[in-house]
Amino acid sequence: MKDKIIVIGFSIVLACFFLISLFDRDISTSKSERRTLKTFPTFTTQSVLDGTFSNELNTYTLDQFPFREYIRQGKSFVTKNIYQKKESHGAFIVGNNIYELDYKISENSIANFTNKLKKIKEEYFKEKNVYYAIIPDKNYYAPTSLFPKLDYDTFYKKIREQLPSSFHEIDLRSSLSLNSYYRTDLHWKQEALEPVLKIVQKEMNLEPTLFPTLTNTYFPFYGAYYSKASTVKADAITYLTSDTIQKTKVYNYEKKEFQPVYKKENINNIDSYDIFLDGATSVLILENEKQKEKKELIIFRDSFASSLAPVLLENYSKIILIDLRYFSSNLLATIPELDFKKEVQDILFLYSVPIVNQSFTLK
């Protein structure tokens, strides 16, 4: 009798899930996992014969399984709170913060990074003011006893030793804290960058300016690490604006079009951080017509600069952002909008620790 009750109960559960799946609407994307979910595959004779249809159908049923998100959260809850496991998919979860484990210094990557910087300076702007700033990842600010961490002092020292004195270092570590970063993501929060702005202005001999105060906040923001620990509370993402920022024109070299500093529709992307300067783009040119002094800043950068560049606009009439992950440094001279011969021009290499430690992504 007991076995019959179990079988009947299990059959009822399966039938309920089947009925729900029939009437439930498919979800196109999972923001918490930051990926597109599989939709129902196209049925053709060829796809049935070669097995493609069955394989895609299997993926579809897994992606569109009823209550899938709640089941994922339940699994994360059990792993974290019942089994007391802090590591998940290469990440470490402490309280409401997710950290990506990366504690080995890549000597070859640092050498490649510094050689890349020296080559660019030698080829394009020998006599220019050149600055560099390495943005620490948020692991730097985590308590040392939590998990293995990079030897940051050694890391920064190696970069300093391999770059000539013509590269002026801007050390940002004292201007940031753990609260400067999203809990579910690697990036810093734009609203926390006022201390960073001040130290950059001081080191680059720029006039102090007012930090933008007009805020726009969106919730929920699921960062790059959220899929590794979905029990952690989602972040909110805030972008700052001002009259200068609103009137700045941004030329997207890839798309050959002008766009605003903040692409508001991107807030609904899989990665909401794309609201800052339209996300990953090889070359962007920000033109601030309010700045009468015709001074330019060229930033060689990764994604962190997307949220810093807007708050630097008060100091420059033009800011050019170059992302060498998507554009080769050998082709810089082919961009007509770039003129490295201008006298009033600052150069800033702004890269985060993870990129420097994996610098072979730079072209």
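All values derive from a computational prediction rather than experimental measurement.
Cation-pi geometry between Lys256 and Tyr253 is met: the NZ or CZ atom falls under 6.0 Å from the ring centre, inside 45° of the normal.
Within a 6.0 Å radius of CD in Glu161, other residues, nucleotides and ligands contribute more than 12 heavy atoms. Atom NZ of Lys118 has more than 12 neighbouring heavy atoms from other residues, nucleotides or ligands inside a 6.0 Å radius. Surrounding CD of Glu265 are more than 12 heavy atoms belonging to other residues, nucleotides or ligands, all under 6.0 Å away. Around atom CZ of Phe219, more than 12 heavy atoms belonging to other residues, nucleotides or ligands sit under 6.0 Å away.
Taking a cutoff of 4.0 Å between a charged side-chain nitrogen and a carboxylate oxygen, Glu289 and Lys247 do not qualify as a salt bridge.
In this view, Thr238 and Glu191, Thr215, Thr217, Leu240 satisfy the side-chain contact (heavy atoms from CB on, under 4.5 Å) rule, not counting sequence neighbours. Shown here are the salt bridge (charged side-chain N to carboxylate O under 4.0 Å, His left out) partners of Glu123, two or more places apart in sequence or in another chain: there are none. With sequence neighbours left out, the side-chain contact (heavy atoms from CB on, under 4.5 Å) criterion links Gln201 to Leu197, Leu206, Pro208, Thr209, Asn315.
When the options Tyr99, Tyr152, Trp188 are evaluated for a side chain to side chain donor-acceptor pair (under 3.5 Å) with Asp137, the one that passes is Tyr152.
Under the 30°/60° scheme for interplanar angles, the aromatic rings of Tyr182 and Tyr273 are found to stand perpendicular.
Side-chain atoms of Ser282 and Glu254 include a donor-acceptor pair closer than 3.5 Å. Side chain to side chain, Asp171 and Tyr156 fail the donor-acceptor criterion of an N or O pair below 3.5 Å.
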